[in-house]
There are 2 protein chains.
Amino acid sequence: MATRTPRNTLNAELIVRTALDLMEARGTDAFSLRGLAAELGVGPMALYTYFRNKDDLYDAVRDHLMALVPPVPAGASWPDQVRAVCRGLRRLMLEHPCLAQLLASRPLSGHETARVAEGLLGVLRDAGFDNETAARTHTTLFTFVLGATSWEIQMAAERRDPEAWRRLRTTMEALPATEFPVVVALAPELARTTGGDDQFDYGLDLLLAGLAAKAAG
Amino acid sequence: MATRTPRNTLNAELIVRTALDLMEARGTDAFSLRGLAAELGVGPMALYTYFRNKDDLYDAVRDHLMALVPPVPAGASWPDQVRAVCRGLRRLMLEHPCLAQLLASRPLSGHETARVAEGLLGVLRDAGFDNETAARTHTTLFTFVLGATSWEIQMAAERRDPEAWRRLRTTMEALPATEFPVVVALAPELARTTGGDDQFDYGLDLLLAGLAAKAAG
DNA sequence: ACCTGAACACCGTTCAAGT
DNA sequence: ACCTGAACACCGTTCAAGT
């Protein structure tokens, strides 16, 4: 939009911030390099001076967001520290839904992403887990948070589209109770597990209970 | 491709099977309705007679694949039954990588998808969990399998692209050991947790250990 | 180094029309 | 009901050129 931007006013930081604003305002899927360039008042190719391609820009936006993951709280027990990091990451994903897609579609890299990993891995090592267990646990926790929160965000987005939501409810209610007795009987409970703090903490507590058993045994 | 297909030879089943073949052969991201129509020898708009839009076709392909999730093994303990269902779903996702994206991007619906949910929910109810716990556990297990396996598939795809893989290794090795001592020290172990049966079973066993504690307590 | 402009090879979907 | 053809409003990226 707007008028043409004069030369040498563009930079990587501005591009990343504008990209993030655009994803937040118009939706992650609607984001395009052409739209971003228009918003910045430059031609699409101007962006290629700062980023190799679209994925490269995605990585930069992701790292920009990962800087907002709060640090590990000092002086807490290790399970509470793990809880804090996982909840902090989930919270950030809920505040910036594009982060879910950015984390899921690209391998981890970048300074701020490493910082988050360093925090969680440090907690696990200090808790006394050996290197392999710490690494396995880190990946398990990360993929759990990513999977659970991505799903939550996806379901919330579906609920926002009234037409899609109506169709989903219709097909759910049309399921034959003779063929799917348990799904039909538990439909209300299932609908309540598509998201929310309680559902997330339930899964996280299962993992932590398993970990505690491992640490004790 | 090929020549023009005569009228009335098209049907939903053929479209779904061809779409799946195309996703498998050329990659999920490269899939397009126009490419599918060309493969079928029809105009792009011919598909709209059978599917409302691209998402509607995606739902059909997903349900087509979910039919291949093996049934719950009878006569096993409930933790082994849970293990079997989760492993079966993961195995299918690894065999058909597009399933990961199809599950993650759309809400669950369809006959075969309901069948899989019915199986797992039935196991949990028969294990003695109340309705809410069964529903919460089902969603937790599903999002865990989805998150862990999607990540595994994504990392495997990245490894296949030599240029992207080289860049990833380079940035990992360039991380300063003074700022990220634990990440650098555990880099070999972390690289080994990006996938594989052991990594998946480790996370699944944590969840099952947490569940067992809950069932006992 | 930084950015433009035209071009290439695509997309999903609407609309009006044909059989 | 089933399918076509043209059109609309887009994409990411390459390439050659300009400052």
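As the structure is a prediction and not an experimental result, all values here were calculated from the model. Chain naming here is simple, since letters A, B, ... match the order of the sequence lines and numbering starts at 1 in each.
Atom CZ in Arg52(A) sits about 11 Å away from atom P in dT14(D), given to the nearest Å. Phe31(B) places its CZ atom 12 Å from the C1' atom of dG12(C), with the value rounded to the nearest Å. Distance, Asp56(B) CG to dG12(C) P: 14 Å, rounded to whole Å. dT13(D) atom C1' lies 14 Å from atom CG of Leu57(A), rounded to whole Å. Straight-line distance from the CD1 atom of Ile15(B) to the P atom of dC2(D): 10 Å, rounded to whole Å. Spacing between atom CG of Leu40(A) and atom C1' of dT4(C) amounts to 15 Å, rounded to whole angstrom units.
Applying the 4.0 Å criterion to OP1 and OP2 of dT13(C), one finds that Tyr48(B) has a side-chain N or O inside that range. An OP1 or OP2 oxygen of dA1(D) is reached within less than 4.0 angstrom by no side-chain nitrogen or oxygen of Tyr50(B).
Figure legend: Arg90(A) and Phe200(A) shown as a cation-pi pair, the cationic atom lying under 6.0 angstrom from the six-membered ring centre and within 45 degrees of its axis.
Pairing partner, dA1(D): dT19(C), with both Watson-Crick or wobble hydrogen-bond distances short of 3.5 Å. Across every strand in view, dT14(C) sits in a pair with dA6(D) that passes the Watson-Crick or G-U test at under 3.5 angstrom.
Considering only the side chain of Ser32(A), dC11(D) comes nearest among dC11(D), dT13(D), dT4(D). With dT13(C), dC3(C), dT4(D) as the choices, the nucleotide that has an atom nearest any side-chain atom of Lys54(B) turns out to be dT13(C). Looking at the side chain of Arg34(A), the nearest of the listed nucleotides dG12(D), dT4(D), dT13(C) is dG12(D).
Two residues, Ala30(A) and Met45(A), neighbour DNA chain D, and the one matched to the more 5' nucleotide by heavy-atom proximity is Ala30(A).
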Q | Chi angles and distances behind the salt bridge (charged side-chain N to carboxylate O under 4.0 Å, His left out) call for Asp201(A), Arg87(A) | A | CA-CA 8 Å; Asp201(A) 282 341; Arg87(A) 285 177 180 161; 3.0 Å; yes

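At a threshold of 4.0 Å, the pair Asp198(A)-Arg192(A) does not count as salt-bridged, since none of the basic side-chain nitrogens sits closer than that to a carboxylate oxygen. With salt bridges taken as basic N to acidic carboxylate O contacts below 4.0 Å, none links Glu118(B) and Arg115(B).
At the heavy-atom level, Thr49(B) lies under 4.0 Å from base atoms of the strands shown.
Here the separation of dC3(C) from dC15(D), taken at their C1' atoms, is 14 Å to the nearest Å. dA9(D) and dA9(C): their P atoms are spaced 23 Å apart (whole Å).
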